[in-house]
Amino acid sequence: MYRLSKLRFGFPIGLILMLFLDGSISQIFGAQLFQPTATMVSHLVVLWLICAVLFEDRYEIPIARWGAIAGAVFDLYYTGIFGVYVFIFPLVVYLTRQVMGYISPNFLSGLLIYFIDITVIEALSYLASRMVHLTSMAGSAFLVNTLGPTLALNLALFVVLYFPIRWVYNWLK
Amino acid sequence: MQKFSFNRRLVIVIVCVIVAFALMTVSVAVRNKKATPPLVQQFGNDIVGLADRVVALPANGLRGSVSAVSELLNTYQENQQLKKQVSELAQTKVRDQTLAKENKQLKKQIKLNDSLTDYSAISAAVITRTPSSWQNQVIINKGSSAGVVKNMPVMSGSGLVGRISEVNKTNSKVELITDNNDSANRFAVSITTKSGKTVNGVLSGYNADTGEITMNNLTTKAKISKGDKVVTSGLGGVTPKGLYVGKVAKASGDDYGLSTKLHITPATDLSELNIVTVAVTKQ
């Protein structure tokens, strides 16, 4: 199924586009997103991956593999520290797939899963950055200044982009 | 059977965690020690950087046109204020030119070719920014083929914004001075006080809550007042002398009460960088 559909090209192209859009959004809205008391990081690439899990039904997209590739590019190109997102992205995809076994994919359950995924991503990347001394931020400051605002931004993006992305996936099928 | 698959999963998780740590440690070590990243990474980054331009250029263009409209609205007020400043600046500029010329002649007389203040500039555009809350990093569109070398200082607008942390062929990463990581290169800076004394020190970090850079390791106990200008001192290698960093906001005791710690307001707004200048020292 996957090999015959437009998803075969459409999914990776969308993934790469989202990856670059993350950086461009951070650059363009830098003044608004990166305030000292509220740092918001956009995770459009995660949104694309999670939506793939939500909408794939019979099409078996190798999402975790593509997640690892996106993570590798993210690590090398954006952060320069290899070995963080290359593991986190597939983990989040795996996590979402596990949860999807218990509930049916719809807007609300997707929102809840996305909430968990963003929390996992931010927490793990925070831990990794603390380990290699990229940041000295205290855990409480992380919760208030980074995790909260980031969740707010990404859930808002999910709400706005859920239906457009679903349309794109349906079109690609 | 159930137990077996659980064990296998556990092993996979543990192996992944160990590999992740190993990779992270190695890449941090490489980043701190080597002048350029491994060839594979460089090559990959160049390709990704080229692809990114396809997305980043339209996005940045769109931003430019939007901000152009919003800037048009308060142009009149700004124009009036600027007119006053221009007349003062013209005078300063002429004097500057005369002094620079005189300086050149004097240097020639004592056969001094390049001193600490001399540098040439490479201007570059910012392609994108790292979407991460702890790494204040931007990626610029000039790399080693344009002559960029690791650790060079980067300026934007009126002041210093950061240093080059990774160089690829056609793009490089700039670690902003607001980045607080342990391995960040600390700039050697100096302040000329009102009484004419020079105080040397090192930029030691960034306070996100107040938006101020801190300066430590002061060499003297000279009285420093608010508003004194902080410039790079040119000591310790690749940074030329006299790049403007910011103004002193306040002085306080450091964490142990033994020495003075200065808080500096940066000269440039570090959240909005479009065009930056890489300073290349002539050595």
Side-chain angles (χ1 to χ4, degrees), chain A residues 16-45 72-88 90-91 122 124-126 128-137 141-142 145-147 149-150, chain B residues 13 16-17 19-28 30-31 37 40-41 44-45 48-49 51-56 58-60 62-63 66 126-139 165-166 171 173 178-183 205 207-211 269-274:
Chain A
I16 291 165
L17 204 67
M18 289 297 185
L19 190 67
F20 290 151
L21 272 182
D22 271 342
S24 286
I25 287 175
S26 307
Q27 160 66 11
I28 293 169
F29 300 106
Q32 288 83 27
L33 294 181
F34 295 98
Q35 280 162 1
T37 48
T39 313
M40 293 182 259
V41 186
S42 81
H43 285 298
L44 286 178
V45 64
V73 173
F74 195 103
D75 280 346
L76 293 177
Y77 183 60
Y78 281 136
T79 63
I81 309 291
F82 190 69
V84 183
Y85 287 95
V86 71
F87 292 103
I88 293 179
L91 175 78
E122 282 295 312
L124 286 181
S125 73
Y126 169 69
S129 306
R130 268 306 280 268
M131 299 281 184
V132 295
H133 291 256
L134 277 180
T135 179
S136 51
M137 194 190 274
F142 160 70
N145 295 343
T146 301
L147 185 60
T150 302
Chain B
V13 167
C16 278
V17 167
V19 171
F21 271 121
L23 285 173
M24 269 151 59
T25 321
V26 167
S27 54
V28 168
V30 165
R31 199 173 82 131
V40 181
Q41 186 178 348
N45 279 347
V48 175
D52 191 5
R53 270 167 232 199
V54 179
V55 178
N60 289 344
L62 199 70
R63 180 238 195 137
V66 170
V126 175
I127 307 175
T128 185
R129 186 187 166 115
T130 303
S132 159
S133 40
W134 15 85
Q135 277 186 298
N136 290 309
Q137 223 172 35
V138 294
I139 295 160
S165 67
E166 187 190 307
N171 58 49
K173 293 192 178 77
T178 52
D179 198 306
N180 250 339
N181 82 55
D182 270 10
S183 57
N207 186 346
D209 293 329
T210 53
D269 181 11
L270 288 145
S271 56
E272 282 190 73
L273 297 173
N274 293 319

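From a predicted model like this one, the values you see are computed outputs, not experimental measurements. Below, read A as the first sequence line, B as the second, and so on, with proteins coming before strands; counting in each chain starts at 1.
- Within the 4.5 Å cutoff, side-chain heavy atoms of A/M137 are placed close to those of B/W134.
- Proximity to chain A (any heavy atom under 4.5 Å) is shown, for B/L62, by neither the backbone nor the side chain.
- Both the backbone and the side chain of A/T79 come within less than 4.5 Å of a heavy atom in chain B.
- A donor and an acceptor atom, one from each side chain of A/Q35 and A/N145, are nowhere located under 3.5 Å apart.
- No part of B/A22 comes within reach of chain A, as not one of its non-hydrogen atoms sits under 4.5 angstrom from that chain.
- Contact count versus chain B (heavy atoms, under 4.5 Å) is highest, among A/F87, A/F29, A/F74, A/Y77, for A/Y77.
- Put simply, the side chain of B/E166 reaches to within 4.5 Å of the side chain of B/N45, judged on heavy atoms.
- Interatomic distance, A/F82 CZ to B/Q41 CD, rounded to the nearest 0.5 Å: 8.5 Å.
- Looking at A/E122, the atoms closer than 4.5 Å to chain B (heavy atoms on both sides) sit in the backbone and in the side chain alike.
- Looking only at heavy-atom pairs under 4.5 Å with chain B, the residue among A/L19, A/T39, A/I25, A/I81 that has the most is A/I81.
- B/R129 forms a cation-pi arrangement with A/F34, by the criterion of a distance under 6.0 Å to the ring centre and an angle within 45° of the ring axis.
- If you measure heavy-atom distances from B/D269 to chain A, you find no contacts under 4.5 Å at all.
- When side chains are defined from C-beta on, B/S165 counts as touching B/Q137, because their heavy atoms get closer than 4.5 Å.
- Heavy-atom pairs under 4.5 Å with chain B were tallied for A/A72, A/G30, A/A31; the largest tally goes to A/A31.
- The side-chain heavy atoms of B/K173 and B/T130, taken from C-beta on, include no pair separated by under 4.5 Å.
- Residues B/T128 and B/V138 have side chains not in contact (no heavy-atom distance under 4.5 Å, counting atoms from C-beta outward).
- Heavy atoms closer than 4.5 Å to chain B are found in both the backbone and the side chain of A/A128.
- In this structure, the portions of A/S125 lying under 4.5 Å from any heavy atom of chain B include both its backbone and its side chain.
- With a threshold of 4.5 angstrom between heavy atoms, A/L21 approaches chain B through its backbone and through its side chain.
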